[in-house]
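Values reported hereafter were calculated over all heavy atoms of this structure, with side chains retained and with hydrogens, waters and symmetry mates removed. A note on names: the letters A, B, ... follow the listed sequences, proteins ahead of strands, and every chain is numbered from 1.
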Amino acid sequence: MLDARVLDGRSMVRRRVGVRLWLSALWLGVLCLGALLAPWIAPHDPLAQDLFLGRMPPIWVAGAEPGYWLGTDSLGRDVLSRLLHGARVALLVALAAGSITCLIGATLGLLAGFLRGWVDLVISRLIDIWMAFPPILFSILLIAVLGPSLTSIIIAIVVIDWTRFARVVRAEAMAQGAMDYVASARVAGRGRVGTMLREILPNVLPTIVVLLTLEMGIAVIVEAILSFVNLSISTDDPTWGGMISEGRTSIHQAWWVLVFPLIALFLTVLAFSQLGEGLKDRFDPVLR
Amino acid sequence: MSFLSIRNLSVRLKNGPPLLRRVSLDVAAGEVRGLVGESGAGKSMIGKAVLGILPPSVQITEGEIFLDGTDLLRLPPKESRRRIGASCALIPQDPLTALNPSHRIGPQITDRLVDILGWTRANADARARDLLAEVQIADPDRVLRSYPHELSGGMRQRILIASAFAAEPKLIVADEPTTALDVTVQKQILRLIAGMQARHGTALLFVTHDLGVVSKVCQRLSVLYSGLVVEDSTVPEFFASPSHAYSAALLAATPKYTDPDAGLHPVPEAVVNAVRAEVAAFDRGPAHG
Ligand SMILES: Nc1ncnc2c1ncn2[C@@H]1O[C@H](COP(=O)(O)OP(=O)(O)O)[C@@H](O)[C@H]1O
Ligand SMILES: [Mg+2]
């Protein structure tokens, strides 16, 4: 006899994630607000250059220029304003790429894992073939073809990462599909789609939520990397990756140009993953 | 004709070995038939075939499954699903995986009545409460609001029994319903199933590997070895004089409640070899070709 708790492993996990969940939600909330309101609350035009104000340090360091809270870069652009505008791009990519990837990958994974048979055969083969491509090369190639833009970044992320969702959700749906409660539902006369949505999906949802938030974190990083190598949107528009790339060249003269976007990136990715873990436990009746 | 009549049912692994070998068995309305055999003999496979939940990796190669006179295997899938849902239910083996961890108990019992059989919500709720009382659950309202993980194994099995009887099925397949439970709980659950079956007059296909259980609950039994039915008798006949050497050995191997100190006699090797030879002969024989 197999123990349900072993099969699904959830009741072994008991964590107090309250604090981390709330801190993550707080950071992401502040970030979202900042991004939404950037045009109104950013103290300066993120693109305005002022060569007389180049490489001003943050406000608490000697020699700072009042009004430039986090200092300026080598062209005299305000770091805080650029961070806020960069957050718009980061969050937009996270949201769009994350949810589209999730929708496509989770749907295919659910179908393959629950319906089995030829559906599974086709989807599994597709995943295997897909995963044979090296992802970074694949994305650079894709963007080279599509041309650098926000849309092509999102497409690149979806195209590369849907397999992550599909694989995990497929395995989970398969495990749930073998449970007796699914057999009972079928005997009672619930159709395939009904069984999938009502019986399987709620039990796979916690996993999907974790994957979704992780994916949002990954999307932020990927966007940053692509901006870093100048494959993102036009170089004028501020992005965290672009800022990191520019900051790298003047790390010794103006560390703040590099460090602040790095911190923002780090906190955001961390917050997404912690949010996922926390939400999973909230979603899951066994852990609740 | 019996309510359930399985005729010459053969099932095999796709491109693999046979799992059921021309199985025939009947369950009359209101009757309890025990289905006995060692683990892997194909007992669950028979139950799954009847309920239309065979795994996709196996296929039915011949035979009929008559439910109330109609061959399920000749019906369009939708129609056979509908008939099975309307007149059959399952009491599964493992109460831990047989309830959906994401839903409360109440909806798990009532949603099927409402969504599939068209009951009103109020009727279904009242029915669920009555059933939980009938399976001797002390606090039905609290239990209906609980999630499965908040309840003990015995409690969950009671719920599954209640749920199986919810739509007054004509036939219930109970697949080793007490195997996963503590010995102390097993007897209560067994008595509960027997009582419910008698009160509701439900036909029962009772899968077990425990002949002691068969003697208490069943009127007839089939003994299965490697997908081959080697014995089909009434319970008194069987316990007086089993008709097949293998089932006689199985009976001898069962500890007697009247005399628990009497040593266990494992099925002798000669008997196992004989029944294996019988299976092999069947696979070669003209009856199969
Ligand atoms: N999903 C499956 N796929 C392939 N073979 C299976 C599957 N389930 C059971 N079997 C095989 O079918 C045979 C009968 O299994 P089962 O009916 O579960 O036995 P029992 O219930 O009598 O213990 C066994 O040999 C088992 O290995
Ligand atoms: Mg079994």
Side-chain angles (χ1 to χ4, degrees), chain A residues 1-14 112-121 172-209 280 282-288, chain B residues 14 44 47-48 50-57 77-104 107-109 111-113 115-117 146-150 153 156 160 163-164 166-167 169 171-173 175-176 179-181:
Chain A
M1 180 200 64
L2 277 170
D3 192 318
R5 281 164 300 187
V6 178
L7 283 179
D8 113 355
R10 285 180 287 192
S11 39
M12 292 182 176
V13 204
R14 242 175 223 292
F114 180 62
L115 295 180
R116 318 275 286 265
W118 65 268
V119 180
D120 182 33
L121 211 70
E172 189 99 344
M174 220 171 243
Q176 295 293 332
M179 304 268 177
D180 281 340
Y181 67 81
V182 175
S184 296
R186 298 285 290 147
V187 171
R190 223 176 254 295
R192 278 168 172 276
V193 177
T195 307
M196 193 167 76
L197 296 181
R198 225 194 94 82
E199 308 288 339
I200 308 270
L201 183 59
N203 289 296
V204 183
L205 206 55
T207 305
I208 294 180
V209 169
K280 177 188 180 190
R282 301 249 143 175
F283 259 79
D284 198 322
V286 183
L287 297 173
R288 192 154 43 197
Chain B
K14 281 178 184 158
S44 301
K48 287 177 185 169
V50 171
L51 298 175
I53 48 172
L54 283 175
S57 52
K78 262 220 167 103
E79 177 58 16
S80 84
R81 278 253 79 82
R82 196 193 61 74
R83 279 172 190 251
I84 292 167
S87 61
C88 302
L90 170 69
I91 301 177
Q93 173 169 354
D94 184 357
L96 291 177
T97 70
L99 289 165
N100 191 327
S102 291
H103 299 308
R104 293 174 198 274
Q108 296 203 49
I109 301 175
D111 279 2
R112 289 164 194 177
L113 302 177
D115 296 354
I116 300 165
L117 299 172
S146 306
Y147 283 95
H149 70 274
E150 297 164 349
R156 293 190 219 184
L160 289 165
S163 186
L171 171 73
I172 291 180
V173 176
D175 193 348
E176 310 206 29
T179 309
L181 301 174

Which atoms of A/Arg190 are under 4.5 Å from chain B, going by heavy atoms: the side chain, the backbone, both sets, or neither?
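It is both, since atoms from each part get that close.
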Structural part of A/Ala185 lying under 4.5 Å from a heavy atom of chain B:
both
Which residue out of [options] racks up the most heavy-atom pairs below 4.5 Å with chain A?
| options | result |
| --- | --- |
| B/Ile116, B/Leu117, B/Ile91, B/Val173 | B/Ile116 |
| B/Gln108, B/Arg112, B/Arg83 | B/Arg112 |
| B/Cys88, B/Pro55, B/Ala167, B/Gly85 | B/Gly85 |

Looking at CG of B/Asp175 and CG of A/Asp180, how far apart are the two atoms once the value is rounded to the nearest 0.5 Å?
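Between B/Asp175 CG and A/Asp180 CG, I get 8.0 Å after rounding to 0.5 Å.
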Straight-line distance of A/Met179 CE to B/Leu99 CG, nearest 0.5 Å:
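Here the rounded value is 12.0 Å.
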Sidechain-backbone polar pair: B/Arg81 side chain, A/Arg186 backbone, donor-acceptor under 3.5 Å
yes
Please report the closest heavy-atom contact between A/Ser184 and B/Leu90, naming both atoms and the distance.
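Result for this residue pair: OG-CD2, 4.1 Å.
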Give me the atom names and distance for the closest heavy-atom approach of B/Pro101 to A/Tyr181.
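Where B/Pro101 meets A/Tyr181 most closely, the heavy atoms are CD-CE2, 3.8 Å.
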Is the shortest distance from a Lys or Arg side-chain nitrogen in B/Asp111 or A/Arg198 to a carboxylate oxygen in the other one below 4.0 Å?
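Yes, charged N to carboxylate O under 4.0 Å.
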B/Lys14 atom NZ: more than 12 heavy-atom contacts under 6.0 Å:
yes
Heavy-atom distances under 4.5 Å only: say whether B/Leu51 touches chain A with side chain, backbone, both or neither.
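The answer is both parts of B/Leu51.
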Go through the atoms of B/Arg82 and report whether side chain, backbone, both or neither lie under 4.5 Å from a heavy atom of chain A.
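No part of B/Arg82 comes within 4.5 Å of chain A.
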